[in-house]
Each structure stands twice: as structure tokens, then as C-alpha cells.
Number of protein chains: 2
Amino acid sequence: MSSSPLLNDLIDALRCLPGVGAKTAQRMAFHVLERDRAGAKKLADRLATAVERIGNCSRCRTFSEDPICALCANPQRDAQLLCVVETPVDQLAVEQATGYRGRYFVLLGRLSPLDGMGPKELGLDLLAARLAENEVHELIVATNPTVEGEATAHLLTQIARQANVRATRLAHGVPLGGELEFIDRGTLAHAFAGRQLLSD
Amino acid sequence: MSSSPLLNDLIDALRCLPGVGAKTAQRMAFHVLERDRAGAKKLADRLATAVERIGNCSRCRTFSEDPICALCANPQRDAQLLCVVETPVDQLAVEQATGYRGRYFVLLGRLSPLDGMGPKELGLDLLAARLAENEVHELIVATNPTVEGEATAHLLTQIARQANVRATRLAHGVPLGGELEFIDRGTLAHAFAGRQLLSD
């Protein structure tokens with residue numbers, strides 16, 4: 001503990017950041033105080049503003065400071081395609097990696113009744129209403145390939161079927177650059193069973 | 001880039017923290033917005049308070065929100081011993097690792113004329129005035145064993161000599177748990193030359 005209570009408070013508060021333990025928090029606090037007070041001031045302001053003003057888009061539930069996010073408001077995006085992801089980070093990952101030009105729906109979680117995450121918490125009523133608008137032609141299910149993610153995907157498929165919308169799922173298999181030797185059995189079994197015909 | 005400008009601003013500002021690149025900043029921003037808004041609010045407040053109110057102790061120059069830090073103000077600490085360190089983090093390291101009960105003097109840098117760090121910037125006039133009070137009997141030089149740190153140590157020794165104060169330096173050598181095979185040549189040569197007599 002340093003001899004400054006305010007400094008100790010700061011070190012303690014920095015630990016709310018993911019991956020930041022006692023030692024890293026200490027290094028961060030001393031670093032900004034010694035070398036970058038302007039940056040720290042800016043960070044404090046932006047953090048306060050973000051927490052206060054960033055809510056969720058009323059249409060796709062992703063983070064947004066406006067009632068409708070920029071992506072939902074963009075008429076250039078294809079309204080016939082709707083990609084369902086678990087979190088805003090997943091949305092960003094799809095957005096950065098693919099050339100996808102459709103819309104998104106963010107669950108803000110995955111089906112996990114024990115943690116109190118049911119269909120209502122995932123906004124599935126909102127999703128069903130969206131599909132009932134008959135604008136969406138394909139629901140792309142991009143939940144994570146975990147147990148909860150698969151359960152969520154199953155439920156999403158049912159919702160799509162009820163609305164007569166085609167549901168698709170991201171392909172699973174050996175990742176590019178992966179080596180068979182080091183891939184977990186589940187993934188390898190999945191990739192083997194789902195093998196595809198080579199074209200000549 | 002996410003579609004929320006405020007979120008992008010936050011991600012950008014988080015990069016002022018040491019060791020935080022684009023990807024980590026993104027993870028941190030999404031994490032606090034999704035799961036710990038209360039913690040983020042607290043962090044914003046404490047960061048702003050720390051930047052605004054933490055200055056330097058007028059006696060030892062370490063970080064302090066008061067004109068004289070708690071350690072300098074503590075009458076239990078031995079005023080005859082003065083340990084000189086480069087930064088407040090170094091002070092904390094000595095404080096946490098050793099049973100040292102004396103006082104400190106923090107240079108807030110090291111001698112490095114090219115970076116504009118001269119005797120004045122290191123507060124050496126303040127240090128000389130402190131030694132002239134004739135209270136200090138031993139000046140413990142705990143600068144880092146780098147080129148600049150050694151140059152700083154040399155200068156500190158001269159100041160101590162002028163004030164007729166005994167100057168000591170932290171011992172250098174093989175670190176505990178270190179293996180000779182993996183220790184750099186400089187350290188090994190230093191440890192070899194400074195070998196000590198084994199008592200029976």
C-alpha cells in the first residue's frame with residue numbers, strides 16, 4: 001500500500017478492468033500519475049460519459065448512445081439478412097472479419113436459466129416481433145459453439161421456423177492454420193462428420 | 001470500430017494505460033459496459049480525483065494529496081536514514097520488500113541530460129538542503145543499476161560527501177533463486193568481484 005489513500009483508491013478501482021490484478025493496477029496508477037495525467041483525465045471523462053450515455057439500440061440491442069444505432073439506421077444494410085450474436089463484441093468481430101452487409105440482433109447473453117437468462121432476458125420477444133415484420137429472409141445464427149450457445153441456437157431455430165424464416169448456422173470445423181494434432185476431439189469429430197466434397 | 005462514437009472514444013482513451021493495445025482496450029470497454037458499469041463509474045471518479053488532487057510531498061517528492069506525505073509526517077520513522085529512489089513505485093517496492101524504517105527521497109526520474117533531466121529536475125537542491133539539516137546520518141542510494149541510474153548514484157555520492165554524510169549503495173549480485181547459467185555477464189562479473197567471505 002502506498003502512503004496516499006487516494007492513490008490506493010485508484011489502484012483498487014482499476015481492478016474492475018478485465019485481466020487487471022493488484023500488480024498491474026499499481027503499475028497503471030503510477031504510470032498515469034507520473035507520465036500521462038492528461039490521458040488519465042481524458043479517460044476519466046470518457047469513461048463517465050460512456051457509462052452515463054451508452055445504452056442499447058431499441059431495435060438490435062447493441063450498445064448505442066442513440067435510440068436506434070447507426071447500423072440499424074443505415075439504409076444501405078440489407079434488411080433481409082439478420083445475424084444473431086450473443087454480445088456486442090461478437091457483433092464487432094463478425095463486422096471486422098466478414099464482408100457481411102446485413103443487420104444484427106444482439107442477445108446480450110446466452111440461454112442459461114440457472115443464471116436467470118431466459119428467452120425474455122435475451123429479447124427473444126423482440127426478435128419474434130422483428131421476424132413477424134416479414135422483412136427478414138434469413139436468420140444467421142452466430143452464437144458461440146458452447147453448450148449454452150448451442151441451446152440458444154436451438155431455440156433461435158425454433159423461433160425462425162415459427163416465423164417461416166430460413167435459419168442458418170456458422171460452419172464449424174478445423175480453424176484455418178490449425179493443425180489436426182492439436183485440435184480438440186469435439187471439433188475434429190465435427191469437422192470429420194461434416195466433410196465436404198472436393199470439386200475437381 | 002464499433003458503431004457507437006462514444007464507445008470508440010472510450011476504447012481510444014483506455015490506450016493511455018501501460019500495456020493496453022487496441023485489442024485489450026476494446027475488451028476492457030465492452031467488459032465494463034456489459035458487466036460492471038458501477039465499477040467503471042467508480043473508476044472514472046477516482047481517476048479524476050487522483051489526477052486533480054495527488055501532487056508531490058514537499059519534503060520527499062513522492063505522490064501525496066497532502067503538502068507533507070504520511071510517511072514524512074510519521075514521527076516513528078528514523079530520520080537518520082534517507083533512502084533515495086528514482087520513482088514512487090521504487091519507493092513502494094523497497095517499502096514492501098524490506099523492513100526499512102527510515103525516510104525516503106524520490107528523484108522522480110534519473111540523471112539524463114538529453115531528456116532534460118538534470119540535477120534541478122531531480123530536486124537535488126532540495127536533497128542537499130535536507131542533508132545540510134544534519135539530521136541524516138546515512139544516505140542509502142537505491143537508484144536502478146542502469147547506466148543513468150549509476151550516473152545518478154555517482155552524483156548522489158558526491159552530494160553526500162559534500163555534506164559529510166555516509167553514502168551506501170544497494171548490493172548487486174546474483175538474485176535469489178537465480179541460476180548462474182542464465183544470469184547476464186555483467187551481473188555475474190559484478191557478483192564474482194564482490195564475493196564475500198563465508199563465516200564458519
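Letters go in sequence order (proteins before strands), and every chain restarts at 1.
Counting heavy-atom pairs closer than 4.5 Å to chain A, the top residue among B:V89, B:L71, B:T24 is B:V89. Heavy-atom pairs under 4.5 Å with chain A peak, among B:P18, B:S64, B:G109, at B:P18. Ranking A:S4, A:G39, A:A70 against chain B, the residue ahead of the rest is A:S4, based on heavy-atom pairs under 4.5 Å.
No single ILVMFWY cluster, assembled from side-chain heavy atoms under 4.5 Å apart, contains both A:Y100 and A:V141. Note on A:Y104 and A:L92: separate hydrophobic clusters, where clusters join Ile, Leu, Val, Met, Phe, Trp and Tyr whose side-chain heavy atoms are under 4.5 Å apart, directly or indirectly. B:L108 and B:L155 sit in two unconnected hydrophobic clusters of ILVMFWY residues. Membership requires side-chain heavy atoms under 4.5 Å apart, directly or through other members. Grouping the Ile, Leu, Val, Met, Phe, Trp and Tyr side chains by contacts below 4.5 angstrom, directly or via other members, places B:V85 apart from A:F30. Following chains of ILVMFWY side-chain contacts shorter than 4.5 Å, one can reach B:L170 starting from B:V94, so the two form part of one hydrophobic cluster.
Of the two parts of A:Q91, neither the backbone nor the side chain holds a non-hydrogen atom closer than 4.5 Å to a non-hydrogen atom of chain B. With a threshold of 4.5 angstrom between heavy atoms, A:D36 approaches chain B through side-chain atoms but not through N, CA, C or O. Only the side chain of A:V32 comes within contact range of chain B, judged by heavy atoms closer than 4.5 Å.
For B:Q196, the CD atom is loosely surrounded, since the number of other residues' heavy atoms within 6.0 Å does not exceed 12. Within a 6.0 Å radius of NE2 in B:H172, other residues, nucleotides and ligands contribute more than 12 heavy atoms.
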Original post:
What's the verdict on side chain to side chain contact (heavy atoms under 4.5 Å, CB included) for B:L47 and A:K41, showing C-alpha distance, side-chain angles and the deciding distance?
Top reply: CA-CA 7 Å; B:L47 203 49; A:K41 180 82 189 62; over 6 Å; no

**OP:** Would you please test A:L6 and B:F63 for side chain to side chain contact (heavy atoms under 4.5 Å, CB included) and show each step?
**Re:** CA-CA 10 Å; A:L6 289 182; B:F63 289 140; over 6 Å; no

**OP:** Please assess A:Q26 against B:Q96 for the test side chain to side chain contact (heavy atoms under 4.5 Å, CB included), listing each intermediate value before the final yes or no.
**Re:** CA-CA 13 Å; A:Q26 183 183 305; B:Q96 287 175 338; 4.1 Å; yes

Subject >> Step-by-step side chain to side chain contact (heavy atoms under 4.5 Å, CB included) determination, B:T49 to A:D9 >> reply: CA-CA 10 Å; B:T49 310; A:D9 282 353; over 6 Å; no

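In plain terms, the two heavy atoms of A:I54 and B:L7 that are nearest each other are CD1-N, 3.6 Å. Here the shortest heavy-atom pairing between A:A40 and B:C16 reads N-SG, 4.1 Å. Minimum interatomic distance between A:V51 and B:R37 (heavy atoms only, all atoms of both residues): O-NH1, 3.2 Å. Among all heavy-atom pairs drawn from B:L33 and A:A50, the shortest one is CD2-O, 4.0 Å.
B:E34 places a side-chain heavy atom less than 4.5 Å from the side chain of A:T87.
Atom NZ of residue A:K42 and atom CG of residue B:L14 lie 11.5 Å apart, to the nearest 0.5 angstrom.
In summary, B:R46 and A:D12 engage in a salt bridge, as defined by a charged side-chain N under 4.0 Å from a carboxylate O.
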